[in-house]
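These notes are about the structure you will find just below.
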Amino acid sequence: MDFASTLSMYFHPKATTTTSFTADGCMLLRSRMFFSTKLHYVHSGRRRLQFETFAIKNASGSSGRSARGRRVYRESQSEAGPLTAVPVKEIASFVLPVGSFVVVTFVMWKLVEKLIMPKRSKAPAAEKKTTDGVKWSFAAGTNLLPNFGAKIERESKLRLNDFAQELRSFNIVDMSEEVNFAANGITAEGIKAFDGILQSNIYLKTLNLSGNTIGDEGAKALCNILVDNNGIQKLQLNSTGLGDEGAKAIAEMLKKNSTLRTLELNNNLIDYSGFSGLAEALLENKSLQSLYLNGNYGGALGASSLAKGLEGNKALRELFLHGNSIGDEGVRALIAGLSIHKGKLTALDIGNNMITSKGAFHVAEYVKRSKTLLWLNVYMNDIKDEGAEKIADALKENRSITNIDLGGNDIHAKGITAISEVLKDNTVITAIGAKGAEFIADTLKYNNTISTLDLRANGLSDEGAKCLARSLKVVNEALVSLDLGFNEIRDEGAFAISQALKANEDVRLTSLNLSSNFLTKLGQSALTDARDHVYEMNEKELSIGF
């Protein structure tokens, strides 16, 4: 369907108008100006709409105005067909202001749209009852709650209710494998909208509600819904304001749920009582494999109670307790429980827990005996040289750990020397975080397994950077990622590293991080030049972060 039209107007900024309608259907502007349009259809095999004329004229002719104030506008339309039947001959000496013109144009085009656009036919109600799958995406912080203030709780529930009602309208519902509701202002009231949907849904595998302040009440409502769910395998409730009561509700759900594999409760308000409830659930649950409790308030008592739950558990594979202030006593109790644990733990995170060399002794004992542990994080504690030596001795007997992080532990030359000696003969460890650049640099000359080296926040300064630079000059077939962020390195250290990269024609390094140091544009320029040199020599991309 096509149509042709011509709109010719000349504007004068001083004109003012009022609008009314005449008896013959024309729109009258300022009592003397009118808008006249005639429409007709031309049938040539298909319906076609054309304008016969489209003009604005001054109804008073020349009275009150001199001929000088009038303008004649002519337009040739060789291809317009009937549009040339009545050409535009003149236009008013005063013209339509912009605002009135917009109104008139809007009205006319709305009329045209109604005439030429076919009406949409409504789909039968039955067509809404089946679907191959509904795909939902709720981007964090953008979808459910555009408004704030007093309406937040009500809006949250209403929007989720709409979501739930639409799902109920289908006989077959595929919620895809993941629905992300993170940071959308959902409260406890909003959680109730999931009732009746999640119990029977078997398609959804991951449900992310992190960043919503659902609190204990919301956790209880959610657990009542999920207790019989047979589909969800990963539940993320990070930073949701959960306390002990919410943790206990989750624990009760875990006792009955047999499909959940990963549970994330990071950065909440769970104390000893909540840890104790979760520990009881571990004694009965046979499906949970990964438990994240980072950034809570477990303390020594919480770790001790959790250890009792681990003793009779066979399923758990990964335990994350970063930042729980468990201390030496807590780590002692935890290690005791893990030693009895009948499962195969592969990852343990006890970083940032105020563990000293005394606690490191218990960690070392567990490392000696473990045959399944692959990843161990002791980052940001206070084990010092003595603790490092104990863990180094344990690594001599361990043949499973591939990644260990000892960064931020105030380890000096003595401790690093012990670790370096172990790494010379170790063929398993591929990534390590530690302090003591000189000894680590010597280790890199002999070890052919370490591919990732994390030395962030160890105060290496320019001297440490120079030590590492000497090692980088030597052909190293394993190291591909080096992190030197937060080490007080200045331009002198950057120059040493850049020269080393240029000297090694067969460098394997693909990632070098020097962010949060004290580099000026001179140091950055030297590193950029080294990066370009590496690419020119062996056509390998080297990413350098400042």
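Hydrogens, waters and symmetry mates play no part in the numbers below; they use all other heavy atoms, side chains included.
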Inspect the contact between Asp393 and Lys396 and indicate whether a charged nitrogen and a carboxylate oxygen are less than 4.0 angstrom apart.
-> yes

Would you mind checking if Glu252 and Lys256 are paired as a salt bridge, meaning a charged N to carboxylate O distance below 4.0 Å?
-> no

Derivation and outcome, side-chain contact (heavy atoms from CB on, under 4.5 Å), residues Ile250 and Leu237 = CA-CA 11 Å; Ile250 292 172; Leu237 296 174; 3.9 Å; yes

Just say parallel, tilted or perpendicular for the rings of Trp375 and Phe320, cut-offs at 30° and 60°.
-> tilted

Decide if atom NZ of Lys255 counts as having more than 12 heavy atoms of other residues, nucleotides or ligands within a radius under 6.0 Å.
-> yes

Among Asp483, Leu484, Leu509, Leu479, find the one that has a side chain to side chain contact (heavy atoms under 4.5 Å, CB included) with Leu453.
-> Leu479

Can you check side-chain contact (heavy atoms from CB on, under 4.5 Å) on Thr346 and Glu318, steps first, answer last?
-> CA-CA 6 Å; Thr346 60; Glu318 300 177 333; 3.9 Å; yes

Tell me, with the steps shown, if Ser273 and Lys248 meet side chain to side chain donor-acceptor pair (under 3.5 Å).
-> CA-CA 8 Å; Ser273 181; Lys248 290 178 181 178; 2.9 Å; yes

Shortest non-hydrogen separation from Asn238 to Glu264 and the atoms involved = ND2-OE1, 2.8 Å

Verify the distance criterion only: is there a donor paired with an acceptor across the side chains of Asn266 and Ser239 at less than 3.5 Å?
-> no

Could you check Asn230 against Thr259 for side chain to side chain donor-acceptor pair (under 3.5 Å), going step by step and ending with a plain yes or no?
-> CA-CA 6 Å; Asn230 294 318; Thr259 57; 5.3 Å; no

dist His362:NE2 -> Glu329:CD (nearest 0.5 Å) comes out at 7.5 Å

Are Glu217 and Lys220 within salt-bridge range, i.e. N to O under 4.0 Å?
-> no

Could you tell me whether Lys502 and Asp529 make a salt bridge, using a distance below 4.0 angstrom between a side-chain N and a carboxylate O?
-> yes

What's the verdict on side-chain contact (heavy atoms from CB on, under 4.5 Å) for Leu209 and Asn184, showing C-alpha distance, side-chain angles and the deciding distance?
-> CA-CA 8 Å; Leu209 289 166; Asn184 271 294; over 6 Å; no

d(Asn517 CG, Gln524 CD) to nearest 0.5 Å is 10.5 Å

Kindly determine whether Lys466 and Glu492 satisfy salt bridge (Lys or Arg N to Asp or Glu O under 4.0 Å), including the steps that lead there.
-> CA-CA 8 Å; Lys466 291 177 183 178; Glu492 186 178 353; 2.2 Å; yes

Supply the atom-to-atom distance Leu348 CG to Ile404 CD1, rounded to the nearest 0.5 angstrom.
-> 10.5 Å

side-chain contact (heavy atoms from CB on, under 4.5 Å) between Leu319 and Leu321, worked out | CA-CA 7 Å; Leu319 179 59; Leu321 295 172; 3.9 Å; yes

Does anything in residues 514-546 pair up under ring pair (Phe, Tyr, Trp, His ring centres under 6.0 Å), and if so which pairs, sequence neighbours excluded?
-> none

Tell me yes or no: between the side chains of Arg369 and Ser339, is some donor less than 3.5 Å from an acceptor?
-> yes

Do NZ/NE/NH1/NH2 and the carboxylate oxygens of Glu311 and Lys308 come within less than 4.0 Å?
-> no

Separation between CG of Leu374 and CG of Asn398, rounded to the nearest 0.5 Å | 9.5 Å

Polar side chain donor-acceptor pair, Asp382 to Thr356, under 3.5 angstrom | no

For the side chain to side chain contact (heavy atoms under 4.5 Å, CB included) test, which of Asn538, Val480, Leu472, Leu542 pairs with Val507?
-> Asn538

Would you sort out whether Asn324 and His322 count as a side chain to side chain donor-acceptor pair (under 3.5 Å), showing the intermediate values?
-> CA-CA 6 Å; Asn324 269 279; His322 192 102; over 6 Å; no

Just by distance, do the side chain of Arg490 and the backbone of Glu488 share a donor-acceptor pair under 3.5 Å?
-> no

Can a salt bridge be assigned to the pair Asp328 and Lys358 using a cut-off of 4.0 Å between side-chain N and carboxylate O?
-> no

